Every structure is written in structure tokens, then in C-alpha cells.
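Worksheet: one structure, shown below.
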Amino acid sequence: MDLGLGRRNALVVGGSKGLGQGVAEALAGEGVSVALLARDPAALKTATKAINGRKQGRAVALVADLADPAAIAAAVAKAQAQLGSIDILINNCGGPPPVTAAGADAALWQAQFQQMVLSTFQLTDLLLPAMRQRGWGRIVNIASTSVVEPIAELAISNGLRGLIAGWSKTLAGEVAGEGVTVNMLLPGSFATARTISINRRQAERDGVAEAVVAQSAAAAIPVGRYGDPAEFGAVAAFLCSKAAAYVTGSMMRVDGGASRSL
């Protein structure tokens, strides 16, 4: 299927690793020029080099911390200077440290609110006006299946991602008639550094080998394995395509069937 994304430009937040990198590579494979925004210059260099070494797509690196609004604004300006107008925005950020709902530190809530929520709002507000003016745009907000099934000991992640879900649905209705779609992807367990860190924490807590935790977690997924970031990227690329122009305001699970709710 031709996704009709050639000559489009995308900004992929967290595009140097994990699911963000999977999305960036999938879009680049469709001929999209991608700006990867992340904090780690070394990881960005590796990710952009991999994309630029292929036949299709182009990648540029943007170093910025989502906790710094000024750095975000500067990164967006740099992306526009290097690529031109941004047609696709992939909002994505790493999860906060595991904490329980009771007694979570207020300062941690505030810091994560800036990094996860306000940064998403800022990036969208910077890029959305031009999308509306052109009559075409795609915004994909990457969250977690915790939006529909909260995960124990991830209280801050559960709460803030749920907040983004409400905002995303509201925004989708506001811009649907202007050629801009807004959707959410809810990933389950993928073979990423985040999953490894969670497994390691559980293994240390339970006094078992990390491999045992990983095998048990994979076995609990109906498909019997962790997802590949490339599989996630393919779903994101479809939501950005011309074929998905009638899909907006949706939340799509990409979790191997792990979520049991309807």
C-alpha cells in the first residue's frame, strides 16, 4: 500500500531510541524527512546515521530536554529551518519512575507534568497552526495501555497519560474539519530499554533472575512475546497516511492482545 507520505516532514519526539525510533524509521521508509528530538546526542547521531544510510527518507537531529520550554521552541525552529513545514508530529516521551499513588512526591509530579504533558501541549501549539492553514496534518500521541488499564506502581504515568488522552480527544474534535487528525497509540510491552529496566526492578524486588521475569511477562501476552518497535512504527505510519484520513479521535492498542478490557 502506498501511504502517500512522500515529501512529508515529521518531528518525532524521543526518536533516537525505542518506540520513537521505530516510528521514525517507519516514516523514513515511506519517504518522509524526519527530525528526531531527544536529549542524548550520541543516540541521536546513531539513529540519524542509520536512517540517512538508507535509500529513502532523511533524518536530522535535534538535541533538547522536554523539561526546558525554551529548548523545545529552539528545536522546533531548527526543524523547520532544516526541513521546512512540519506535517506530522509524533508526541512521545519516556515514562516516569515507578511510584505508588499514595505518598508520591509533589515535586516529582510537577517535574513529570512539565516533561510529559506541558511539552506535548507546547509542541502541538507550535506546529498545529501551520497544519490547519495548509489543511493537512497528523498528530499521533504515544501513551500506554495504562490509559485503559492502569498499571500497579506506575501512578504518575497512569495519571498523566490519562490526562493527555482527554486532551487528545478534545483536540481531535476541534481540528477534524480542517484536514488534521489527532490519534493516540497505546503500546503494551515491547523489547525496549524501558521494558528491560522495569523487569530488572521487579527481579531485584522479587529476588529472581531478570530472565525469569522477562519470560513470565512475555508468556502473559496472548501472542507469547514482546513486540518489535518496527511493528509499532508500522501502525503509527498508517495513522499518518492518506488512507487514515477518516481516523481521528481514536485510541489504538498495540499490545499483542494483552489488554483484557473491551
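Note that the structure is a prediction, hence the values are computed from the model and not measured. Worth knowing before you read on, the calculation uses all heavy atoms, side chains too, and leaves out hydrogens, waters and symmetry mates.
- Smallest separation of non-hydrogen atoms from Gln114 and Leu66: NE2-O, 3.5 Å.
- Both Val117 and Leu11 are part of a single hydrophobic cluster, where members link through side-chain heavy atoms under 4.5 Å apart.
- With respect to Gln202, the side-chain contact (heavy atoms from CB on, under 4.5 Å) criterion is satisfied by exactly one of Arg200, Glu204, Arg205: Arg205.
- Of the N and O atoms on the side chains of Asn91 and Thr124, at least one donor lies less than 3.5 Å from an acceptor on the other residue.
- Between the side chains of Ser261 and Glu149, at least one donor N or O lies within less than 3.5 Å of an accepting N or O.
- The salt bridge (Lys or Arg N to Asp or Glu O under 4.0 Å) test applied to Arg138 returns no partner, not counting sequence neighbours.
- No more than 12 heavy atoms of other residues, nucleotides or ligands sit less than 6.0 Å from atom CD of Gln133.
- Residues Val34 and Arg58 form no side-chain contact, since every pair of their non-hydrogen atoms from C-beta on lies 4.5 Å or further apart.
- Here Gln21 contributes atom CD and Thr192 contributes atom OG1; the two are 11.5 Å apart, rounded to the nearest 0.5 Å.
- In this structure, Leu44 CG and Ser16 OG are separated by 4.5 Å, a value rounded to the nearest 0.5 Å.
- Of the candidates Leu5, Leu89, Thr181, Leu5 is the only one forming a side-chain contact (heavy atoms from CB on, under 4.5 Å) with Cys240.
- Of the candidates Ile142, Ile164, Val140, Ile139, Ile164 is the only one forming a side-chain contact (heavy atoms from CB on, under 4.5 Å) with Met184.
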May I have the step-by-step check of side chain to side chain contact (heavy atoms under 4.5 Å, CB included) for Ile151 and Ser144, ending in yes or no? CA-CA 10 Å; Ile151 301 170; Ser144 164; 4.3 Å; yes
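- From Arg134, atom CZ reaches atom CD1 of Ile86 across 8.5 Å, with rounding to the nearest 0.5 Å.
- Heavy atoms only, all atoms of each residue included: Leu83 and Asn9 are closest at O-ND2, 3.0 Å.
- Between Asn92 and Val23 the shortest side-chain heavy-atom distance does not fall below 4.5 Å.
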Determine, step by step, whether Val254 and Leu186 satisfy the side chain to side chain contact (heavy atoms under 4.5 Å, CB included) criterion, reporting the C-alpha distance in whole Å, the side-chain angles of both residues, the deciding distance to 0.1 Å, and the verdict. CA-CA 6 Å; Val254 190; Leu186 309 183; over 6 Å; no
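- Residues Gly15 and Ala24 approach most closely at O-CB, 4.2 Å, considering heavy atoms.
- Every pair passing salt bridge (Lys or Arg N to Asp or Glu O under 4.0 Å) that includes a residue from residues 166-192 is listed here, sequence neighbours excluded: Arg132-Glu178.
- At a threshold of 4.5 Å between side-chain heavy atoms, the hydrophobic network of Ile, Leu, Val, Met, Phe, Trp and Tyr places Leu163 and Leu118 in one connected group.
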Met251/Leu185 under side chain to side chain contact (heavy atoms under 4.5 Å, CB included): CA gap, chis, key distance, verdict: CA-CA 6 Å; Met251 294 197 303; Leu185 284 176; over 6 Å; no
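- For Asn183, the side-chain hydrogen bond (donor to acceptor under 3.5 Å, both in side chains) criterion is met by Ser250, not counting sequence neighbours.
- Hydrophobic clustering keeps Val63 apart from Val60 (ILVMFWY residues linked when any side-chain heavy atoms are closer than 4.5 Å, directly or through intermediates).
- The closest side-chain heavy-atom distance from Val13 to Ile90 is not below 4.5 Å.
- By the criterion of side-chain heavy atoms lying less than 4.5 angstrom apart, applied directly or through intervening Ile, Leu, Val, Met, Phe, Trp or Tyr residues, Leu171 is grouped together with Met131 in one hydrophobic cluster.
- In this structure, Ser146 and Asn158 approach most closely via the heavy-atom pair CB-OD1, 3.1 Å.
- Under a 4.5 Å side-chain heavy-atom criterion applied to ILVMFWY residues, the cluster that includes Val208 comprises Val213 as well.
- Put simply, CG on Leu154 and CG on Leu160 are 11.5 Å apart, with the number rounded to the nearest 0.5 Å.
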Take Arg7 and Asp87 through the test side chain to side chain contact (heavy atoms under 4.5 Å, CB included) and record every step on the way to the result. CA-CA 10 Å; Arg7 297 186 179 181; Asp87 308 292; over 6 Å; no
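- Across all non-hydrogen atoms, the minimal contact from Val147 to Gly162 is CG2-N, 4.3 Å.
- Side chain to side chain, Ser259 and Asp255 meet the donor-acceptor criterion of an N or O pair below 3.5 Å.
- Between Leu123 atom CG and Leu37 atom CG the span is 7.0 Å, to the nearest 0.5 Å.
- Residue Ile196 shares its hydrophobic cluster (ILVMFWY side chains chained together at separations under 4.5 Å) with no other residue.
- Applying the salt bridge (Lys or Arg N to Asp or Glu O under 4.0 Å) test to every pair with at least one member in residues 61-84, sequence neighbours left out, gives no pairs at all.
- Nearest heavy-atom pair, Gln115 versus Ser119, reported as atom, atom and distance to 0.1 Å: O-OG, 2.5 Å.
- Between Ile156 and Phe113 there is no side-chain heavy-atom pair separated by less than 4.5 Å.
- The salt bridge (Lys or Arg N to Asp or Glu O under 4.0 Å) analysis of residues 23-40, with sequence neighbours excluded, yields the pairs Lys17-Asp40, Glu25-Arg54.
- Within the structure, salt bridge (Lys or Arg N to Asp or Glu O under 4.0 Å) pairs that include any residue of residues 219-233 comprise Arg225-Glu231 (at least two apart or interchain).
- Taking the side chain as every heavy atom from C-beta outward, Lys242 and Leu3 never approach each other to under 4.5 Å.
- If you chain together hydrophobic residues whose side chains sit under 4.5 Å apart, Val182 and Leu128 fall into the same group.
- Note on residues 157-190: pairs passing ring pair (Phe, Tyr, Trp, His ring centres under 6.0 Å), not counting sequence neighbours, are Phe121-Trp167, Phe190-Phe232.
- Residue pairs meeting the ring pair (Phe, Tyr, Trp, His ring centres under 6.0 Å) criterion with at least one partner in residues 235-262, sequence neighbours excluded, are absent.
- At least one side-chain heavy atom of Met116 sits less than 4.5 Å from a side-chain heavy atom of Pro96.
- Cluster note: Ile198 groups with no other residue, as no ILVMFWY side-chain heavy atom lies under 4.5 Å from it.
- Counting only residues at least two apart or on different chains, no ring pair (Phe, Tyr, Trp, His ring centres under 6.0 Å) pair has a member in residues 130-149.
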